[in-house]
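Keep in mind that what you see is a predicted model, and the values were worked out from it rather than measured.
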Amino acid sequence: MSSYRGGGRGSGGGRGSGGGGRGEYYKNKYGRGGGGRGRGGGNRRNDGDHNSNSSSSQRSAKTIDYSKVDSYSNLLHTIHRIDGKSYPAYHDIEAAWKHENEGFTLMIGRAQSDPFAAPTRCRVVVPSVTARLPKEAYLTRIRAVACADYINRQFHAYCVSLRANESVSGESGGWSGPKGGDLQINCPGQHVLEQSAVVVTRNGDIIAQFTLNLPARGRTILGEKAIDIFERVLPSLVRSSLVYPALDSHQLKHHILCVEDQTWLRSQLYAKGLVAFVADGSVLPRISGADDRPMVSGPNVVHFKSPESMAVSFTLPNLQKTVVGMGVKKGVTLIVGGGFHGKSTLLDALQVGVYNKIPSDGREFVITVDEATKIRAEDGRNVCEVDISAFIDNLPFGKNTKNFTTMDASGSTSQASNIIEAIEMGSKCMLVDEDTCATNFMIRDEKMMELVAPEKEPITPFVQKVRSLYTDLDISSILVIGGSGDYFNVADQVVMMDCYQCRDVTQKAKDIASKAGGKVVSNESFGVVPHRLPVGAAFAPTNKVAVRSVAIISYGDIEIDLAGLEQLVSKSQTTAISYALQLISKIASNQQFSLRETCKQLDKTFDEVGLDALANGIFHGGFARPRSFEIAGAINRLRKVGTLVQKK
């Protein structure tokens, strides 16, 4: 690894299923009553599925003194002593325990109060002298993130191979039988995200955070199983995945260098006048909507090939190879073609191009600028004090659109709000698929304009604003368009997907637009987007906070629907957002920061402290770093009056 070269500092980044309360969690896991049980790992897929976010649990964890480190042998003696006792006796193991032979320290967080509570959070610290990572593996921030991601994957894979993620079973089964004993660590997807399950520190320490469902028989301690976990399973996991000699050094090096090269290429886009790049040979189709892995066989697997007229190349500093592909220039780009020919597949790949991928993903070098945002309509979403007058004005009964607020936005007003909110947060490229847009917001043809007088139509369609969005605000747009040729008049480049083959049809589209005549470009400037200030008090939850899925946060008595934030790729990101929202009440307590400044404060905290800043002291391994755009998106969707006010 001593030959590592190049690279800047940066950060990288599947969806899961919901959590639940203490009783519900175990009813789902063990059944709703008696009966026999087979061996199985339960329904939990990752650490983020069972967070409670309760401030009381955080306070309890902080009362444990981890500065006093006891010997690992005393941990085993303690478990022998409490074997068969009432379950709360597990509180005796809440401490730091050093394994002298293996060279790691185990910290056990607040032990679950009974077998049916959420599992106990644990942390293993492997110091650099034991981990023995070469310094080149964590020399920059992005390398440390990529290194931790690789180790996380090895830990998870070895945990599964040991069947350590499976709970105990017994002949009696049911509520009174043996249960628990499963060790779970967050399972990464196709994206390389900064996360809290495994962290490589600046000095080369490796920190792993996971949950352990302390084993029980009925409501008494199952000491034999607990000893097996701590004496055999956990040391084996450390030896096999948290020390460098146990890792495949060539795979680790390739993983790190590939991720760093993706970050480097993303940093080069603006210098070449681009907002996106799709490398030749990329595999864009996925196995299914529920499986983000690449499609590897079948007639639909067509490797991407750039049109010659749009081809650009980059020489990667680490991998020392030249990648050639399609460069998407700044401006207005259309993706056209017949149905089922790959238009949305290309856009889907571009929308996650803001994240780095694992080397075998197929989209490693499908790269989009960091500030790219997906835009869609969201019927029924709430909107708070957004100036949508650039698109919608002159509403009946004089409804104000410069300070638009509603609990039930229409398709057009929600899409207008999404665009303005993205601009407010600093978006530089908007990704739009007409299939998920409001038709009356996207276009208005000449026949309709003749029938409905302009002064009677409050909506200025996007086709009349997309040009000024670029010329006035330097915000590019990439649009999937299959039903309106009006966009030909405003496009800088047009690509056609034909049986998943990409062709440059810019000149043909412009010729068609010229022959058809007509003009859809508005001469008006786009206008100024005012900043808004979060109202801190509005973000204090009235009850517990739980993440139900990648798209749903139960925030006290309010449900936050994030389905419109299509660039969320992990439930762990949503979990991090649920905790970040609770910090807003402190950051924005005096309404002194704009929404964008508030999110920058969070980013600064993540950069300086890491994701543990979200839940200090509770060893939460279920976080993955969200972008500021998605944090702001959650703030905007908190269905509550008075969450934001326009800056005067």
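Side chain of Gln351 to backbone of Lys374: no donor-acceptor contact under 3.5 angstrom is found. A donor-acceptor distance shorter than 3.5 angstrom exists from the side chain of Gln567 to the backbone of Ala372, with no hydrogens or angles considered. Formation of a donor-acceptor pair under 3.5 Å by the Asn418 side chain with backbone atoms of Arg376 is found in this model. Checked by atom type and distance alone, the side chain of Arg467 pairs as donor or acceptor with a backbone atom of Val490 at under 3.5 Å. Proximity of a side-chain donor or acceptor of Ser427 to a complementary backbone N or O of Glu371 within less than 3.5 Å is detected.
A cation-pi arrangement, defined by a distance under 6.0 Å to the six-membered ring centre and an angle within 45 degrees of its axis, is present between Lys272 and Phe314.
Ring planes of Phe462 and Phe441: parallel class, angle under 30° (limits at 30 and 60°).
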Validation: residues 587-595 side-chain donor-acceptor distances under 3.5 Å, sequence neighbours left out:
residue	atom	partner	partner atom	Å
Ser589	OG	Lys586	O	3.2
Asn590	ND2	Gln592	OE1	3.3
Ser594	OG	Glu597	N	3.1
Ser594	OG	Glu597	OE1	3.4

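The salt bridge (charged side-chain N to carboxylate O under 4.0 Å, His left out) analysis of residues 327-344, with sequence neighbours excluded, yields the pairs Lys330-Asp474.
Each of Glu630, Glu378, Glu559 was scored for a salt bridge (charged side-chain N to carboxylate O under 4.0 Å, His left out) with Arg637, with one residue passing: Glu378. Just one of His191, Gln190, Arg293 meets the side chain to side chain donor-acceptor pair (under 3.5 Å) condition when paired with Asp361; it is Gln190.
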Practice task
Check the pair Lys402 / Gln646 against side-chain contact (heavy atoms from CB on, under 4.5 Å), numbers first and verdict last.
Solution key: CA-CA 10 Å; Lys402 290 185 177 295; Gln646 275 192 20; 5.6 Å; no
Practice task
Walk me through it: do Thr315 and Thr322 pass the test side chain to side chain donor-acceptor pair (under 3.5 Å)?
Solution key: CA-CA 4 Å; Thr315 300; Thr322 299; 3.1 Å; yes
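Here Ser514 pairs with nothing under the side chain to side chain contact (heavy atoms under 4.5 Å, CB included) rule; sequence neighbours left out.
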